Enquirer: 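Have a look at this one before I ask anything.
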Amino acid sequence: MTKVEVFISSTCPHCPGAVQVVEEAKSQIPNLEVEICNVEDEENREKAINYGIMAVPSIAIDNHIEFVGAPSLPELLDRLQ
């Protein structure tokens with residue numbers, strides 16, 4: 001199973017787009033485990049620091065940052081395969 005973590009904040013105007021793209025990918029790849037991590041929560045902020053995330057949205061796939069910013073669906077699907 002592939003794990004995707006989407007790091008967001010509630011004030012980010014680009015974060016909803018990143019979440020939407022990941023949810024679309026999940027509808028095409030059923031065994032995708034998706035976790036939305038709001039960096040305003042202490043636990044998620046620690047995770048973001050450990051990844052070295054400096055901006056949101058950021059997307060990690062299997063514990064590696066793959067995107068900073070919201071990718072297109074084809075870009076995301078390509079990285080997931």
Side-chain angles (χ1 to χ4, degrees):
M1 180 174 289
T2 302
K3 182 178 180 180
V4 177
E5 296 167 288
V6 186
F7 290 86
I8 64 164
S9 100
S10 61
T11 59
C12 169
H14 304 289
C15 289
V19 171
Q20 180 180 349
V21 167
V22 170
E23 292 297 335
E24 288 176 25
K26 185 177 180 178
S27 72
Q28 295 185 29
I29 304 173
N31 65 339
L32 208 56
E33 177 187 343
V34 174
E35 183 177 352
I36 307 301
C37 303
N38 189 323
V39 297
E40 295 163 13
D41 298 332
E42 182 65 32
E43 179 183 334
N44 293 328
R45 186 169 33 255
E46 288 297 319
K47 268 197 224 180
I49 290 168
N50 290 338
Y51 276 124
I53 292 173
M54 302 295 286
V56 291
S58 289
I59 299 174
I61 299 173
D62 289 333
N63 303 316
H64 292 43
I65 297 298
E66 295 289 338
F67 295 100
V68 176
S72 68
L73 183 58
E75 288 174 320
L76 180 59
L77 291 174
D78 185 54
R79 290 279 170 89
L80 289 169
Q81 294 177 354

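All figures in this text were calculated on a predicted structure; none of them were measured in a lab.
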Enquirer: Side-chain contact test, heavy atoms from C-beta onward, threshold under 4.5 Å: evaluate it for Asn38 versus Ile36 and give yes or no.
Expert: no

Enquirer: Identify the two heavy atoms, one from Val68 and one from Ala55, that lie closest to each other, and give their separation to 0.1 Å.
Expert: CG1-CB, 4.1 Å

Enquirer: Going by distance alone, is a donor N or O of one side chain under 3.5 Å from an acceptor N or O of the other, for Glu24 and Gln28?
Expert: no

Enquirer: Of the non-hydrogen atoms in Pro13 and Pro16, which two are nearest, and what is the gap between them?
Expert: O-CD, 3.7 Å

Enquirer: Of all heavy-atom pairs between Ser58 and Ile53, which one has the smallest distance, and what is that distance?
Expert: OG-CG2, 3.6 Å

Enquirer: Could you see if Ile65 belongs to whatever hydrophobic cluster contains Leu76? Use Ile, Leu, Val, Met, Phe, Trp, Tyr and a side-chain cutoff under 4.5 Å.
Expert: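 Unlinked, Ile65 and Leu76 end up in two clusters.
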
Enquirer: Of all the heavy-atom pairs spanning Ala25 and Leu73, show the shortest one and how long it is.
Expert: N-CD1, 3.8 Å

Enquirer: Out of curiosity, Lys26 NZ to Thr2 OG1, how far, rounded to the nearest 0.5 Å?
Expert: 12.5 Å

Enquirer: Please determine if Arg45 and Glu42 form a salt bridge, counting it only when a charged side-chain N lies under 4.0 Å from a carboxylate O.
Expert: yes

Enquirer: Would you say Val39 and Lys47 make side-chain contact, with heavy atoms under 4.5 Å?
Expert: no

Enquirer: Are Val56 and Val19 linked, directly or through other ILVMFWY residues, by side chains that come within less than 4.5 angstrom of each other?
Expert: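 Looking at the clustering, Val19 is in a separate group from Val56.
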
Enquirer: If you measure from CG on Leu32 to NZ on Lys3, what distance do you get to the nearest 0.5 Å?
Expert: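 Nearest 0.5 Å value for the CG-NZ distance: 12.0 Å.
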
Enquirer: Would you say Asn31's side chain and Met1's backbone share a donor-acceptor pair under 3.5 angstrom?
Expert: no

Enquirer: Quick one: CD on Glu75 to CZ on Phe67, what's the gap to the nearest 0.5 Å?
Expert: 5.5 Å

Enquirer: Say you draw a straight line from CD1 of Ile8 to CD of Glu40; how long is it, rounded to the nearest 0.5 Å?
Expert: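 The CD1 atom of Ile8 sits 8.0 Å away from the CD atom of Glu40.
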
Enquirer: Passes side chain to side chain contact (heavy atoms under 4.5 Å, CB included), Val21 versus Val6? Steps please.
Expert: CA-CA 10 Å; Val21 167; Val6 186; over 6 Å; no

Enquirer: Between Ala70 and Pro57, which heavy-atom pair has the shortest distance, and what is it?
Expert: N-CG, 3.9 Å

Enquirer: Please give me the minimum heavy-atom distance between Ala60 and Phe7, naming the atom from each residue.
Expert: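 Closest pair (atom of Ala60, atom of Phe7, distance): CB-CE1, 4.4 Å.
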
